[in-house]
Q: 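Here it is: the structure, laid out below.
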2 protein chains.
Amino acid sequence: MSDAEQTRQNILTVAADEIHQHGFKATSLSVILNRCEISKGALYHHFTSKIELGYAVFEEIYTPMFLDLWQSALAVEDPVEGLCTFFTSMTEQMSCSEVVCGCPLNNLCEEMANVDEGFRLRILSMQEQLNQSIVDALEKINDDLRDGLALSQVSYFIVATLNGATTLSKSSRNKELFKQVIAELCLYIRALKK
Amino acid sequence: MSDAEQTRQNILTVAADEIHQHGFKATSLSVILNRCEISKGALYHHFTSKIELGYAVFEEIYTPMFLDLWQSALAVEDPVEGLCTFFTSMTEQMSCSEVVCGCPLNNLCEEMANVDEGFRLRILSMQEQLNQSIVDALEKINDDLRDGLALSQVSYFIVATLNGATTLSKSSRNKELFKQVIAELCLYIRALKK
DNA sequence: CTTGCAACATACCGAGCGGTTGGTTATGAT
DNA sequence: ATCATAACCAACCGCTCGGTATGTTGCAAG
């Protein structure tokens, strides 16, 4: 990787971390510059504005990380169990910073979706992508599922609950609350089967 | 009401609206001053700082509004149906601004709970209060409910999902998504019964 | 009629923000 | 070797923010 590309990647990584910790608006460019040990000129050579940097973080860091994670949970023989073990392992692996900071995408969604159209469209697109992935995975085992399920609705329900659980544990700083909601969510998901 | 008290209430009302629309940090005192047609001295006569104003808005505007709303849904013969009609009526009555701005408490929770301890404790206390209300209401019809339910867990699950649904519709600007999640949530709630 | 304090108003402060400008250094093609 | 351009730096700009210091008004008790 060229030096320039290295610099760019470094900016993206640090910016992703800062945005995760403090949100987009509260993220200060000068903090990023200090952490990267570069000048403001360097940053503005690679990105035209703060918000363009934000978009790049979303597209190049958050989105692939997020989709890969879900794919690994869904691309198994039984996606119902895949999701449950995925969620359960989240409750165990969840580090302190993740409890406090929440899901980066969920945060960005809360903060920026109704403020900036660029973020909103990117978030929306990703949500639809994720929803489709879940629906596809569930349809593969359609024969094992209860009749009359609205799979898209079910999928949005699952995602909404997971986000709600993250927010809950984040605001209470309480991993236990997250575990409880996840436990109930797993009960719901397993009850989708016949 | 005295003039001074009138001024104070006016500040609280306007601040509540601004915070709902733009979040706490992004709410500018000068905007509040303009809308109230008062000076900065007036505001700082009634409130010692921006964050104290925020606390007052939380305690005197948001909390009572919120708890009253839930109480009216729970204080009926059948709280399961009470919740379902409550949620369903939300999907119908929900104004455009509510879709875009989301629930004021949910927003504040997302934005401030992990940043400011004062907000966190207030939010936490209210969450526990709400959870207890739901548990109490459900226990009243315990005989009609399935055996082995963890009611507190169920209650947190409901609240988490509702918050997640709000966030989802807010970021997508799509009332339909909210409706779908609520529909699925009502299915879940009604399935709590035997 | 005075005095005191609540209830405001006005003007200003320092800090931090995102962004710009003008310059310097490194690199790679010709 | 030259030279355009990519890559980067340092200084500065305008602006808005929350907060403060000081001044003014009006009412109400003594």
Side-chain angles (χ1 to χ4, degrees), chain A residues 1-58 60 107-108 111-112 115-119 122, chain B residues 1-60 107-108 111-112 115-120 122:
Chain A
M1 191 163 15
S2 67
D3 283 4
E5 186 57 26
Q6 180 71 50
T7 303
R8 197 188 123 92
Q9 285 302 320
N10 193 220
I11 294 173
L12 282 176
T13 307
V14 169
D17 183 50
E18 287 292 324
I19 293 173
H20 184 199
Q21 280 188 55
H22 308 109
F24 178 76
K25 291 183 214 161
T27 286
S28 164
L29 294 186
S30 57
V31 170
I32 296 177
L33 303 181
N34 283 336
R35 282 185 59 183
C36 291
E37 292 179 329
I38 59 169
S39 70
K40 192 164 277 194
L43 193 148
Y44 273 85
H45 172 74
H46 290 285
F47 304 95
T48 63
S49 64
K50 187 191 181 185
I51 207 153
E52 285 296 333
L53 170 61
Y55 295 161
V57 167
F58 185 91
E60 300 177 38
N107 294 351
L108 216 44
E111 183 189 5
M112 298 303 296
V115 173
D116 179 83
E117 194 69 1
F119 269 121
R122 283 168 174 82
Chain B
M1 187 159 24
S2 66
D3 284 4
E5 185 57 25
Q6 179 71 50
T7 302
R8 197 188 123 92
Q9 285 301 323
N10 193 221
I11 295 174
L12 282 176
T13 306
V14 169
D17 183 51
E18 286 293 324
I19 293 174
H20 184 199
Q21 280 189 55
H22 309 108
F24 178 75
K25 290 183 216 162
T27 286
S28 163
L29 294 186
S30 58
V31 171
I32 296 178
L33 302 181
N34 283 336
R35 283 186 57 182
C36 291
E37 293 179 328
I38 58 169
S39 68
K40 191 164 277 193
L43 193 148
Y44 272 85
H45 173 73
H46 289 285
F47 304 95
T48 63
S49 64
K50 186 190 182 186
I51 207 153
E52 285 297 332
L53 171 60
Y55 294 161
V57 166
F58 184 91
E59 288 171 354
E60 300 177 39
N107 293 351
L108 217 43
E111 183 189 5
M112 298 304 296
V115 173
D116 178 82
E117 195 68 2
F119 268 121
R120 210 194 112 241
R122 282 168 175 83

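Here is how names work: the chains are called A, B, and so on, in the same order as the sequence lines, proteins then strands, and each is numbered from 1.
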Q: From CG of A:Leu29 over to C1' of C:dT20, roughly how many Å is that when rounded to an integer?
A: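 It works out to 13 Å between those atoms.
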Q: Which pair of non-hydrogen atoms, one from A:Leu43 and one from A:Ile38, has the smallest distance, and what is that distance?
A: N-CD1, 4.2 Å
Q: Rounding to an integer number of Å, can you tell me how far B:Phe47 CZ sits from D:dG18 P?
A: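 Result: 15 Å.
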Q: Measure the distance from CG on B:Leu43 to P on D:dT20 and round it to the nearest whole Å.
A: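 Answer to the nearest Å: 13 Å.
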Q: Identify the heavy atoms of A:Leu12 and A:Ala56 that sit nearest to each other, and give their distance.
A: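 Answer, listing the atom of A:Leu12 first, then A:Ala56: CD2-CB, 3.7 Å.
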Q: Give the rounded distance in Å between these two atoms: CG of B:Leu33 and C1' of C:dT10.
A: 12 Å
Q: Looking at B:Ser30, does any N or O in its side chain come under 4.0 Å of the phosphate oxygens OP1/OP2 on D:dT16?
A: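 False: B:Ser30 side-chain N/O out of range (4.0 Å or more) of D:dT16 OP1/OP2.
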Q: Can you give me the closest heavy-atom contact between A:Gly118 and A:Tyr55, atom names plus distance?
A: CA-OH, 3.2 Å
Q: Quickly work out the A:Lys50 NZ to C:dG16 P distance and round it to whole Å.
A: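 One finds 15 Å between P of C:dG16 and NZ of A:Lys50, rounded.
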Q: With a sphere of 6.0 Å drawn around CD of A:Glu117, does it hold more than 12 non-hydrogen atoms of other residues, nucleotides or ligands?
A: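 More than 12 within 6.0 Å, yes.
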Q: If every non-hydrogen atom of B:Val57 is compared with every non-hydrogen atom of B:Ala15, which pair is closest and at what distance?
A: CG2-CB, 3.8 Å
Q: Distance-only check: which donor-acceptor pairs under 3.5 Å involve side-chain atoms of residues 22-29 of chain B, not counting sequence neighbours?
A:
unit_1: B:His22; atom_1: ND1; unit_2: B:Glu18; atom_2: O; d: 3.4
unit_1: B:His22; atom_1: ND1; unit_2: B:Glu18; atom_2: OE1; d: 3.1
unit_1: B:Thr27; atom_1: OG1; unit_2: B:Glu18; atom_2: O; d: 3.3
unit_1: B:Thr27; atom_1: OG1; unit_2: B:Ile19; atom_2: N; d: 3.4
unit_1: B:Thr27; atom_1: OG1; unit_2: B:Gly23; atom_2: O; d: 2.6
unit_1: B:Ser28; atom_1: OG; unit_2: B:Ser30; atom_2: N; d: 3.2
unit_1: B:Ser28; atom_1: OG; unit_2: B:Ser30; atom_2: OG; d: 2.7

Q: Could you tell me the separation between the CG atom of B:Asn10 and the C1' atom of C:dC8, rounded to a whole number of Å?
A: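 Rounded to whole Å, this separation is 14 Å.
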Q: Measure CD/B:Gln6 against P/C:dC8 and give the value in whole Å, please.
A: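 Those two atoms, CD and P, are 10 Å apart.
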Q: Answer with base, sugar-phosphate or nothing: what part of the nucleic acid does B:Thr48 contact at a heavy-atom distance below 4.0 Å?
A: nothing
Q: Grab the CG-C1' distance between B:Leu53 and D:dG18 for me, whole Å please.
A: 12 Å
Q: What does nucleotides 7-12 of chain D look like as a protein-contact string, B for base, S for sugar-phosphate only, - for none, at under 4.0 angstrom between heavy atoms?
A: BSBB--
